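Below: the structure, in structure tokens.
Values reported hereafter were calculated over all heavy atoms of this structure, with side chains retained and with hydrogens, waters and symmetry mates removed. No experiment lies behind these values; they were computed from the predicted model shown.
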Amino acid sequence: MSTTELPKQYNPLESEAKWQKYWEESGVFVADSQSDKEPYCIMIPPPNVTGSLHMGHAFQEVLIDILIRYHRMRGFNTLWLPGTDHASIAVQTILDKQIKAEGKINQEIGRDNFLERAWKWKSESGGTIVSQLRRLGVSADWTRERFTMDEGLSNSVIEAFVKLYEAGLIYRGEYLVNWCPASQSAVSDLEVDSKEVNGYLWHFRYPLADGSGHLVVATTRPETMLGDTAVAVNPEDDRYKHLIGKTIMLPIMNREIPIVADQYVDKEFGSGCVKITPAHDPNDFEMGKRHSLPLINILNKDGSINENGGEFQGQDRFVARKNVIAKLDQMDLLEKIEDYTHSVPYSERGKVPVEPLLSIQWFVNIKPLSDFALEQFDKQNSPTFVPDRWGRVYRDWLIRLKDWCISRQLWWGHQIPAWYAPDGTIFVARTEAEAYVQAQAKFGEDITLARDPDVLDTWFSSGLWPFSTLGWPETTPDFETFYPTSVLVTGFDIIFFWVARMTMMAGYFTGKMPFHTVYIHGLVRDENNQKMSKSKNNGIDPLILINKYGVDALRYSLVKEVTGAGQDIRLDYNRKTDESSTVETARNFANKLWNASRFVMLNLNLNRREVTTQIENLELADRWILSRYYQTVLQVREQLDCYGMGEATKCLYELFWGDFCDWYIELVKSRLQEDADPTSRATVQQTLTFVLDGILRLLHPFMPHVTEEIWQLLTYGTSEPSSDRPVLAIQLYPEIDTTYIKEDIEEQFSLLIGTIRTIRNLRAEAEIKPSVKIQVILQSDSDRERTLLEAGQSYILDMARVEDLTIAASVDESKTEEAIAGVVGTVQVIVSLVGVVDIGQLMTKLERNLKKLEGAIASTQARLSNEGYVKKAPPEVVEVARAELEESLKQQEILKARLAQLQGK
């Protein structure tokens, strides 16, 4: 496309596909580990390989892309490293369903065949999220794309495990873990969602073994009583002091269990007696250790009752719950049932309630790792959090960390590098061959080893992401150049999952924090300001909006909504039509940019395309727009340097739409005419070209495709990509030149613009036709204001359609007869109506409008004063009525003021 073929409307889909392809194929975004430029590196928070693009992804990746493009244009050696996470549980779930649909189970096909299927699925379906990220126009270095189970990262994981094990920081033992019966795997505290559930609190009578009475205990999980090994009371509770040391005869199981004293028991809760099931409750587990109680596990790994559950063996836990309650009721031991709202932990992936289960697992001794991360944060404020409030959350988390269960009973993932001899001796090694060398040294040549079947928690490999992706444990050129990375951009919900894991792992293995700054962004909320979630089915597909409005429109709308670092944003969306007024407004902004640029280019001589700051013969309007431009450069750079991306877009909007389009272009149109002074015309052309070029550069990180398309047309007269021509994506970002910032000129123009707006408003109020030129008096007591107005009177005459303009310190009263007036600052603006408006007809029309408006006001006030209406009507309807009333009252004031002004003449 050339400037002579410019269509009147921008075609985003065509332009976006073209530039995305060209940027990537020409290596524009490839980082250089040998460069002597200052490095700037961001690692993508790796989305799950099973995922598809949602609005949260879109928001996050756009924020990252803005930072990367901004720093690339500032001359940094930028690396945005992309990649995906292997998502152990999610992939395993997909394959489990496929295998089940074939009428088979995993054990039938075996681990090797299962993994073969998994890798095949990954190659066929795992690239969906990556192709969708490319649609966003992200400027990632795809030549460095990583996958958490690729060969290099797998080697990093094994190395990390072995080093931690050799340092005594990884151990294996039997402890209480969160168990997901659906996936039949342990899950970490961070993979558990607590949900408020309307359930019940069952109260049971436990008979004393000597037959002298009973104690009442309460539980939300009656089936766990099958594994009770004690009842606890508070040692200070006078009601039960005499019973401490006695025993209970556990109903159904007929097992004699002790009554123990423990400070953990709350005397005020329930009866003050607590049943203790050490194998199925973390608090009970701790009490069990304090009192040397036996641990009786009553659950199988699928959530059914095992042989320790007596007559309930084989029953699902929830079936057993009903049957245990019925049995105790039958035994006349059910005291009462209360409605009870409580928090139930659910497996994030399995979507079922987790069970605390006694299990042999692998753990990381987390305290030495967290202590180093805590020291770095307390002494060095490393990493720095934006907003800083999240730093306190991060610190609290480091303090409260418990040992990390890292083993998962799955097949897809990094298999734990541990092998067992027949007697249970553990050999941890980097390879099987290395394990055999260790084993043979201990047992001789004739030894057979079996590898641990479990895989590592996905977050173990994710914790290594900032440095394993750069080649660790090798000291590669990438590692030396880009580590530590510059900033992590992520959501607040994974400070615990991921951020703390990375700082602890990086601190231990590299001695440095993995990034200088953590920028925590907010959520994208739906049209009702609700958090988007699968359970609510209220997500908004970004691809639908991209196809309808273009990706630049979506990018701009998401960022423009941000009103402060870390704040949530609301995205308007009509689910019936798949339309968004928010994104449509941004699309209109892109079209405005296109059309304004088209106007500029159609008014340029071919020899005026060169962008230069050496513009001669500047007039007032030229100096004003240059001042506004450099003022905006200053503001935008300041905002981007402190992550104020939303504020930066607002500054750019005001510069482009307000200053450049609404005012400067309109002010200089007469100077672009063929009969205009050639020198003045040349100055305007150069100024238009320079400022438009700068606006395109400023906007490029936010709207890369439309700005690239226009910049190519503006600079080279064609938008066809060519290796002979540089791209905007690697041009320099505008620098600040304070010599052009003129506060006095901006002040003058602020007065001129305010004056022109006031005259236009008065024309509209008096219903003066646009084609009619008018007489205006500007009265001010200030010599300075009059001087400023006189210097810019040509703009007032032109922009406000004024034929006769008087600027004076005082006004003859006779001049204000049959006129309408307004005020801007301390300047009185008087528009004569003589000969242009029939005042009688105008007053009649205004009185008619006022009467109609007052009728509507009375009707709305009557509705809102009716308590029945306010209570019964939907809240949103009532709010609309109140808003309409407020607006009507304002209009009433305006109409009354107009009439008073006209009647006083």
Under the salt bridge (charged side-chain N to carboxylate O under 4.0 Å, His left out) rule, what do R623 and D744 come out as? Steps first, then yes or no, please.
CA-CA 11 Å; R623 291 197 296 273; D744 57 338; over 6 Å; no
Classify the ring geometry between [X] and [Y] as parallel (under 30°), tilted (30 to 60°) or perpendicular (over 60°).
| X | Y | result |
| --- | --- | --- |
| H700 | W23 | perpendicular |
| F59 | H521 | perpendicular |
| Y10 | W594 | tilted |
| Y740 | Y630 | parallel |

Determine the sole option in I807, V829, L752 for which the side-chain contact (heavy atoms from CB on, under 4.5 Å) test with I796 is passed.
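The residue from I807, V829, L752 that satisfies side-chain contact (heavy atoms from CB on, under 4.5 Å) with I796 turns out to be L752.
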Salt-bridge contact [X]-[Y] (side-chain N to carboxylate O under 4.0 Å):
| X | Y | result |
| --- | --- | --- |
| R681 | D677 | no |
| E527 | R570 | no |
| E584 | R587 | yes |

Could you list the donor-acceptor pairs under 3.5 angstrom formed by side chains in residues 726-736, with sequence neighbours left out?
residue: Q731; atom: NE2; partner: V727; partner atom: O; Å: 3.0
residue: Y733; atom: OH; partner: L698; partner atom: O; Å: 2.8

Test side-chain hydrogen bond (donor to acceptor under 3.5 Å, both in side chains) applied to Y573 and D578, N528, T582, the passing residue
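For Y573, the side-chain hydrogen bond (donor to acceptor under 3.5 Å, both in side chains) test succeeds with only one of D578, N528, T582, which is D578.
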Using side chain to side chain donor-acceptor pair (under 3.5 Å) as the criterion, list what pairs up with D572, not counting sequence neighbours.
S581
Would you say N595's side chain and N591's backbone share a donor-acceptor pair under 3.5 angstrom?
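Judged by distance alone, yes, a pair lies under 3.5 Å.
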Could you name each residue pair satisfying ring-ring contact (aromatic ring centres under 6.0 Å, His included) that touches residues 817-856, not counting sequence neighbours?
none
